[in-house]
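Each remark here refers to the structure printed beneath this line.
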Amino acid sequence: MASPLLQLEHVTKRFGRVVIAEDLSLTVGPGETVGIVGPNGAGKTSLFGLISGDLAPGAGEVRFDGRTVTKLDAAARCRLGIGRTYQVPRPFGDMTVFENVLVAAQQGGGLRRRASYAAAVAALDRAGMSGQANLPAERLGLLQRKRLELARALATQPTLLLLDEVAGGLTDPEVAQLVEIVRGVNAEGTAVIWIEHVVRALTAVVSRLMCLAGGGFVGDGDPATVLADPAVREVFLGTEVTAALAGGSLEASSADGGPEPSSPANGDGAVGGDRSEP
């Protein structure tokens, strides 16, 4: 059996009375695809901060690729192979798309000269952004900014990719394109943990689904089983939920029988959803 790629062991993190993680443990294997759902404010983005090094746990241990990284900062963990995206893409607007990705390869991935250029080109190609390489990033629309955010993470050459709501705000065809990109990244051996409110995107990619609420995981297993769990239904949507996974969809019906959206509104209000998170 392969050794775990990522391990969180009894991790605790609080901001005052707000509990982000309470004696939380998580193991992810090499090449695994894991989806994380949960209500707004559950701390999903903060969980990524604990994994990537943006946040330090109050207690517990974080291990990556057999090494304890609890005290390492985000830059050091990135160079070890943990890449991530952020909910709100904030590219360097006065730089070109290629320059944005090159900075990620050099400063995030620690690559130099030809290796950094090759990584940037490959990341743009994988994210479907090669045609926009010379455009100023400030001219990009939402889909292109999301793809650029993904390309920047890929340019660091991660073995673990953390995706934070990269499908939010996209149309159905755009979500389908994104799903194919993520599948391709995973097919090349990169493990993926994906936080997403667009549940149909998750169920089209991940083999394992977890629900975060109250500082711990309520469900953990195959997507159909987790989405059918009454406890997950209660904390995630607060409604009767039917996991209609054929075609990767999630159908929800309210108590009075009226239709509801397939997922809650975007956002993770625990500690904010972008780089300004404390």
Side-chain angles (χ1 to χ4, degrees), residues 2-8 28-34 45-57 61-130 132-134 137 145-164 166 181-182 184-195 274-277:
S3 299
L5 179 64
L6 173 71
Q7 291 175 287
L8 271 63
V28 176
E32 191 172 4
T33 52
V34 180
T45 289
S46 296
L47 173 63
F48 270 12
L50 292 168
I51 295 171
S52 67
D54 290 330
L55 294 175
E61 185 174 86
V62 181
R63 295 181 60 81
F64 180 72
D65 202 15
R67 173 177 177 175
T68 299
V69 299
T70 313
K71 296 183 179 181
L72 295 183
D73 62 17
R77 295 192 202 184
C78 184
R79 295 192 178 189
L80 288 176
I82 300 177
R84 70 165 295 181
T85 69
Y86 291 80
Q87 283 186 27
V88 181
R90 291 181 176 174
F92 301 107
D94 57 350
M95 297 172 63
T96 68
V97 167
F98 179 78
E99 289 168 340
N100 268 269
V101 180
L102 184 63
V103 167
Q106 293 179 344
Q107 302 302 317
L111 303 175
R112 293 293 178 264
R113 298 185 177 89
R114 292 183 179 180
S116 65
Y117 279 80
V121 170
L124 285 172
D125 182 62
R126 168 56 71 191
M129 291 290 292
S130 297
Q132 291 78 40
N134 295 319
R145 284 178 180 247
K146 296 257 185 179
R147 287 189 175 187
L148 175 55
E149 185 75 2
L150 177 57
R152 293 201 296 183
L154 293 176
T156 67
Q157 299 187 333
T159 50
L160 173 63
L161 178 61
L162 309 177
L163 299 176
D164 195 350
V166 291
I181 292 172
V182 177
V185 170
N186 177 247
E188 294 176 353
T190 302
V192 175
I193 306 179
W194 189 351
I195 293 171
D274 55 38
R275 299 174 194 270
S276 62
E277 179 177 47

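Sequence positions, counted from 1, serve as the residue numbers for this chain.
Between atom OG1 of residue T96 and atom CG of residue N134 there is a gap of 6.0 Å, rounded to the nearest 0.5 Å. Remark: N100 CG to R145 CZ distance equals 9.5 Å, nearest 0.5 Å. The distance from atom CG of L111 to atom CD of Q157, rounded to the nearest 0.5 Å, is 5.0 Å. F64 contributes atom CZ, which lies 7.0 Å from atom CG of L80 (distance to the nearest 0.5 angstrom). In this structure, CG on L50 lies 10.5 Å from OG1 on T70, to the nearest 0.5 angstrom. The distance from atom CG of L162 to atom OG1 of T85, rounded to the nearest 0.5 Å, is 8.0 Å.
Two residues are said to be in side-chain contact when any heavy atoms from C-beta on lie closer than 4.5 Å; M129 and V101 fail this criterion. No side-chain heavy atom of W194 sits less than 4.5 Å from a side-chain heavy atom of N186. Counting heavy atoms from C-beta on, the side chains of L148 and Q132 never come closer than 4.5 Å. In this structure the side chain of R152 reaches within 4.5 angstrom of the side chain of F92, judged on heavy atoms. Taking 4.5 Å as the limit, every side-chain heavy atom of I193 sits out of range of all side-chain heavy atoms of L47. Within the 4.5 Å cutoff, the side chain of L150 has heavy atoms near those of the L163 side chain. Residues R84 and I51 fail the side-chain proximity criterion, which asks for heavy atoms closer than 4.5 Å.
In terms of the salt bridge (Lys or Arg N to Asp or Glu O under 4.0 Å) criterion, E99 has no residue partners (sequence neighbours excluded).
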Between side-chain atoms of residues 116-124 and protein atoms elsewhere (two or more places apart, or another chain), which donor-acceptor pairs fall under 3.5 Å?
residue	atom	partner	partner atom	Å
S116	OG	Q106	NE2	3.2
S116	OG	R113	O	2.7

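In terms of heavy atoms, R77 sits closest to K71 at NH2-N, 4.5 Å. In terms of heavy-atom proximity, A127 sits nearest to A151 at CB-CB, 3.8 Å. Pairing each heavy atom of L5 with each of L160, the nearest pair is CD2-CB, 4.0 Å. Of all the heavy atoms in A191 and P30, the pair that sits closest is CB-C, 4.5 Å.
For CZ of R112, the number of neighbouring non-hydrogen atoms (other residues, nucleotides, ligands) closer than 6.0 Å is greater than 12.
A donor-acceptor distance shorter than 3.5 angstrom exists from the side chain of R79 to the backbone of Q107, with no hydrogens or angles considered.
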> When you look at L154 and V185, which way does the side-chain contact (heavy atoms from CB on, under 4.5 Å) test go after all the steps?
Replying inline: CA-CA 9 Å; L154 293 176; V185 170; 3.9 Å; yes

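For residues 115-127, every residue pair satisfying the salt bridge (charged side-chain N to carboxylate O under 4.0 Å, His left out) rule, not counting sequence neighbours, is listed here: R126-E188.
The pair K146-E149 does not count as a salt bridge, with every side-chain nitrogen at least 4.0 angstrom from each carboxylate oxygen.
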